[in-house]
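Computed from heavy atoms alone, side chains included, the values below leave out hydrogens, waters and symmetry copies. Chain letters run A, B, ... following the sequence lines, proteins first and then strands; every chain starts at 1.
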Amino acid sequence: MSEFTSKTIKIIKAIPEGRVATYGQIAGLAGHPRAPRQVAGMLKRYSEKYNLPWHRVISSKGIVSIKDPLAKLEQAERLREEGVEVSTSFEVDLKRFGWKVDRFDA
DNA sequence: AAGGTGACTGTCA
DNA sequence: CTGACAGCCACCT
């Protein structure tokens, strides 16, 4: 597994409860600011294997942008359970619930 | 091994 | 505000 992959996994696991991070943000912290799509792809493939809090990752627009409608619902529900406000249109206020981190300390 | 793909993103109209 | 476009790049087939 590439360093990018392992780093990304660590970072995702480091997302605090009640907070959300964006794909681009994670990619950036992992050292590949231009690979948010890989982050997304990874969640899909490794979220279960590595027990990742995939539900805490959303798009930079602050909306849940997962393809699978069912998982989308689940994600919104999980977030609400952590205290994150998710609107009926799956919007999250990044100003308030965004994960603030300047750089990731591995 | 070569090519396709996506849970993205910033920019422009 | 919405929508279209084009980079982007690791992973899968």
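Between A:Lys61 and A:Trp54, the residue whose closest nucleotide on DNA chain B is further toward the 5' end is A:Trp54. Positionally, the nearest nucleotide of DNA chain C for A:Ala35 lies more toward the 5' end than for the other of A:Ala35 and A:Tyr46. Between A:Ser2 and A:Arg34, the one whose closest nucleotide on DNA chain C sits nearer the 5' end is A:Arg34.
Protein atom CD1 of A:Ile63 is 11 Å distant from nucleotide atom C1' of B:dA7, rounded to whole Å. A:Ile12 places its CD1 atom 11 Å from the C1' atom of B:dA7, with the value rounded to the nearest Å. Taking atom NZ on A:Lys7 and atom P on C:dA10, their separation rounds to 13 Å, with Å as the unit. Look at NZ on A:Lys49: it is 13 Å from P on C:dC11, rounded to the nearest Å. When rounded to the nearest whole Å, the span between CG of A:Leu79 and P of B:dA7 equals 18 Å. Rounded to whole angstrom, the span from the NZ atom of A:Lys44 across to the P atom of C:dT13 amounts to 11 Å. For the pair A:Lys72 NZ and B:dG6 C1', the interatomic distance rounds to 15 Å; values are reported in whole Å. Atom CD of A:Glu91 and atom C1' of C:dT2 are 14 Å apart (whole Å).
Remark: side-chain polar atoms of A:Gln25 are not paired, donor with acceptor, to backbone N or O of A:Val20 under 3.5 angstrom. A donor-acceptor pair under 3.5 Å is absent between the side-chain atoms of A:Arg80 and the main chain of A:Glu85, judged by distance alone.
OP1 or OP2 of C:dC8 has not a single side-chain nitrogen or oxygen of A:His32 nearer than 4.0 Å. A close approach under 4.0 Å does not occur between any side-chain nitrogen or oxygen of A:Arg37 and OP1 or OP2 of C:dA10. The phosphate of B:dC8 has neither OP1 nor OP2 within less than 4.0 Å of any side-chain N or O from A:Ser60. Taking 4.0 angstrom as the limit, A:Ser65 places a side-chain polar atom (N or O) nearer than this to OP1 or OP2 of B:dC8.
Under a cutoff of 6.0 Å and an axis angle of 45°, A:Lys7 and A:Phe104 do not form a cation-pi pair.
In this structure, A:Gly24 reaches the sugar-phosphate backbone alone: every heavy-atom distance under 4.0 Å involves primed, P, OP1 or OP2 atoms, never a base. Across all strands, A:Tyr23 comes closer than 4.0 Å to base atoms (heavy-atom distances).
Distance from the side chain of A:Lys67 is smallest for B:dA7 among the nucleotides B:dA7, C:dC11, B:dT9. Nearest nucleotide to the side chain of A:Met42, out of B:dA7, C:dG7, C:dC11: C:dC11.
Base-pair partner of B:dA7: not found among the strands shown (Watson-Crick or G-U wobble, both distances under 3.5 Å).
Judged by atom type and distance alone, A:Gln38 reaches the base of C:dC9 through a side-chain donor-acceptor pair under 3.5 Å.
A donor and an acceptor atom, one from each side chain of A:Ser2 and A:Thr5, are located under 3.5 Å apart. With 3.5 Å as the limit, one finds a donor-acceptor pair spanning the side chains of A:His55 and A:Glu82.
The number of heavy atoms from other shown groups lying within 6.0 Å of NZ (A:Lys44) does not exceed 12.
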